[in-house]
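Notes to accompany the following structure.
Reminder, nothing fancy here: chain letters follow the sequence lines and each chain counts from 1. The analysis underlying the following values was restricted to heavy atoms, covering all of them including side chains, and did not include hydrogens, waters or symmetry mates.
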2 protein chains.
Amino acid sequence: MTNHNIASPQDFLKEIIFRKVSPTEDEWSAFIELWKPFKFSRNELITDFGAIENYFYFVNEGVIRGYFIKDGEDFNMGFSYQGDFSGVYNSFVSRKPADYAMDALTEVNGLRITHTDLMNLFESHKVFEKWGRLFNEMILVGLGIFVQSILADSAEERFRKLMKRSPHIIQFIPQKHLASYLGMTPETFSRMRKKWME
Amino acid sequence: MTNHNIASPQDFLKEIIFRKVSPTEDEWSAFIELWKPFKFSRNELITDFGAIENYFYFVNEGVIRGYFIKDGEDFNMGFSYQGDFSGVYNSFVSRKPADYAMDALTEVNGLRITHTDLMNLFESHKVFEKWGRLFNEMILVGLGIFVQSILADSAEERFRKLMKRSPHIIQFIPQKHLASYLGMTPETFSRMRKKWME
DNA sequence: CTCGAAACTTGATACAGATCAAGAAATCAC
DNA sequence: GTGATTTCTTGATCTGTATCAAGTTTCGAG
């Protein structure tokens, strides 16, 4: 696993933001001072169902899981790793109670900003408003691919695509969570894994 | 069906945009002059697979279908009606070849703007950049609900939710398309419809 | 380190929804 | 309007994946 904590979380965030937009030094200062460090321990609940998400997260180290529960069963929406943004984003933007929750799969740390601060930043600096739009577009493109796969691919195809895209993921995310993410049971996942490794 | 063509498409678009942001009259003029009328006839292909989507559409009248094809089978991603925006949006924003296509389910007309013009508008007017961000957020929230339903709901639940949300939809969208949108076969859709109406 | 809990594997069985088929109804192009 | 084409319905059968069950391995808290 790449070790990003040689640089500070702030520098890491800067690198990620500058991939999309180019704020001036002053703009950057105004931006970065509003992001505060956070830390959660393994299995800790970060945002619960029904809460209104007040933070937008940047993951420096660790893994966050987004999920919802239906009839007692977990459904994973996705995972956030080093260098990803995270949060119960639809609640964050709509200011409505969260219909999914978020917890820490490992110890996780990074930076986060409140909704108020981010909105103020958007109002006062066009460059960040633009970044917000571009970020949303990136998420939309990813979700679109996910939807196509869920609609059209068999369980086996979804499994194979995941293995091709991120073969290492199986090392640090429990299989039951990956199974849920792919829309299959842990048993089915296990059987496919066996078949795959032969 | 509500008859929106009493007002001009331009006024209709204005109403929709002003729900989210409040441009000045000058800003509005700069905006609206870049939107050009379009018209497609029933069953006409609007954007094909592999093309780079060059337009962002506003539907004044009619219905547009977004879909992709896998192993010869159609999968509908969604429909755009009066007052909706449309287009192969992930291709439009990413400038990569479209992985889904769009056609007209009925005669359809409205306004559209080119990618270049919209990007220039975003650059020159913060208010529209903001609108772009808010629009993306709205789409994200909707996609999130769709994903949750596909992952966790049975075919019957998805059917019932659609009937509750838009009971009239069955009047003007062929059942095979609705079936595909819900991720089931037309046969299954037909059986559920029968059960539902009893 | 260790032991108890959680995660994973593997086999047997069940079932929702797909597929196949063929007739009935609706709709569109002319 | 009307015939051809497409869509819809209904029944019979099939199948991928879920469910249930029971043993095995892994992991992490203390």
Side-chain angles (χ1 to χ4, degrees), chain A residues 40-45 62-63 65 67 69-76 79 103-108 149-163 169-198, chain B residues 40-45 62-63 65 67 69-76 79 103-108 149-163 169-198:
Chain A
F40 292 99
S41 45
R42 186 183 142 77
N43 291 328
E44 193 171 348
L45 186 64
V63 185
R65 169 178 79 117
Y67 66 102
I69 293 179
K70 166 111 193 269
D71 300 334
E73 195 186 343
D74 272 35
F75 292 89
N76 295 142
F79 307 95
D103 64 11
L105 283 190
T106 62
E107 275 213 352
V108 57
S149 187
I150 288 285
L151 283 177
D153 296 345
S154 68
E156 195 171 344
E157 275 175 296
R158 294 195 305 274
F159 176 84
R160 286 210 311 271
K161 282 185 180 177
L162 182 69
M163 286 302 100
I169 210 178
I170 214 171
Q171 307 301 328
F172 58 95
I173 295 188
Q175 296 189 22
K176 64 169 186 175
H177 287 326
L178 294 178
S180 163
Y181 174 68
L182 294 178
M184 63 180 71
T185 60
E187 291 94 328
T188 298
F189 189 95
S190 174
R191 283 182 248 268
M192 290 191 175
R193 182 173 189 262
K194 188 184 177 189
K195 208 169 147 193
W196 171 261
M197 292 191 308
E198 277 163 7
Chain B
F40 292 99
S41 45
R42 186 184 141 76
N43 291 329
E44 193 172 348
L45 186 64
V63 184
R65 169 178 77 117
Y67 67 102
I69 295 179
K70 165 110 193 270
D71 299 335
E73 195 186 342
D74 272 35
F75 293 90
N76 296 143
F79 308 96
D103 64 11
L105 283 190
T106 63
E107 275 213 353
V108 58
S149 187
I150 287 285
L151 282 177
D153 296 344
S154 68
E156 194 170 348
E157 275 175 295
R158 294 195 305 273
F159 177 85
R160 286 210 313 269
K161 283 184 180 177
L162 182 69
M163 287 303 99
I169 210 179
I170 213 170
Q171 306 301 328
F172 57 95
I173 296 189
Q175 295 189 23
K176 63 170 185 171
H177 287 325
L178 293 178
S180 162
Y181 174 68
L182 294 178
M184 62 180 73
T185 60
E187 290 95 330
T188 298
F189 188 96
S190 174
R191 284 183 246 268
M192 291 192 174
R193 182 171 188 263
K194 188 184 177 189
K195 209 168 147 193
W196 171 260
M197 290 189 310
E198 276 162 8

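- Rounded to an integer number of Å, the gap from E107(A) CD to dA29(D) C1' is 14 Å.
- For dG17(C), the OP1/OP2 oxygens have no side-chain nitrogen or oxygen of T185(B) closer than 4.0 Å.
- The side chain of Q175(B) has dC8(D) as its nearest neighbour among dC8(C), dA18(C), dC8(D).
- In this entry the distance linking CZ of R42(A) with P of dA29(D) reads 6 Å, nearest Å.
- Contact between the side-chain N/O atoms of T188(A) and the OP1/OP2 oxygens of dA18(D) is found at a separation under 4.0 Å.
- Q171(A) has its CD atom 12 Å from the P atom of dC8(C), to the nearest Å.
- No donor-acceptor pair under 3.5 Å is formed between the side chain of R65(B) and the backbone N or O of L105(B).
- In K70(A), the NZ atom is crowded: over 12 heavy atoms of neighbouring residues, nucleotides or ligands sit closer than 6.0 Å.
- Counting only heavy atoms from C-beta outward, the side chains of K176(A) and F189(A) never approach each other to under 4.5 Å.
- One can place NE2 of H177(B) at 7 Å from P of dT7(D), the figure rounded to the nearest angstrom.
- Below the 3.5 angstrom threshold, one finds a donor paired with an acceptor across the side chain of R191(A) and the base of dG11(C).
- For R193(B) against dT7(D), no side-chain N or O and base N or O form a donor-acceptor pair under 3.5 Å.
- OP1 or OP2 of dT9(D) has not a single side-chain nitrogen or oxygen of K194(B) nearer than 4.0 Å.
- Atom CE of M184(A) and atom C1' of dT17(D) are 9 Å apart (whole Å).
- Mapping A155(A) and E187(A) onto DNA chain D by nearest heavy atom places A155(A) closer to the 5' end of the strand.
- Panel note: side chain T185(A), backbone T188(A); a donor-acceptor pair is recorded below 3.5 Å.
- Contact check, K176(A) against dA6(C): no side-chain N or O comes under 4.0 Å of OP1 or OP2.
- Rounded to an integer number of Å, the gap from I150(A) CD1 to dT17(D) C1' is 14 Å.
- Side-chain proximity of S154(B) to the nucleotides dT10(C), dG17(C), dT19(C) is greatest for dG17(C).
- Distance CE (M192(B)) to P (dT10(D)): 15 Å, rounded to an integer number of Å.
- Looking at which nucleotide of DNA chain C each of G183(B) and N43(B) is closest to, the 5′-most match is held by G183(B).
- The nearest whole Å value for the distance from the CG atom in L151(B) to the P atom in dT17(D) is 15 Å.
- A donor-acceptor pair under 3.5 Å is absent between the side-chain atoms of T106(A) and the main chain of G62(A), judged by distance alone.
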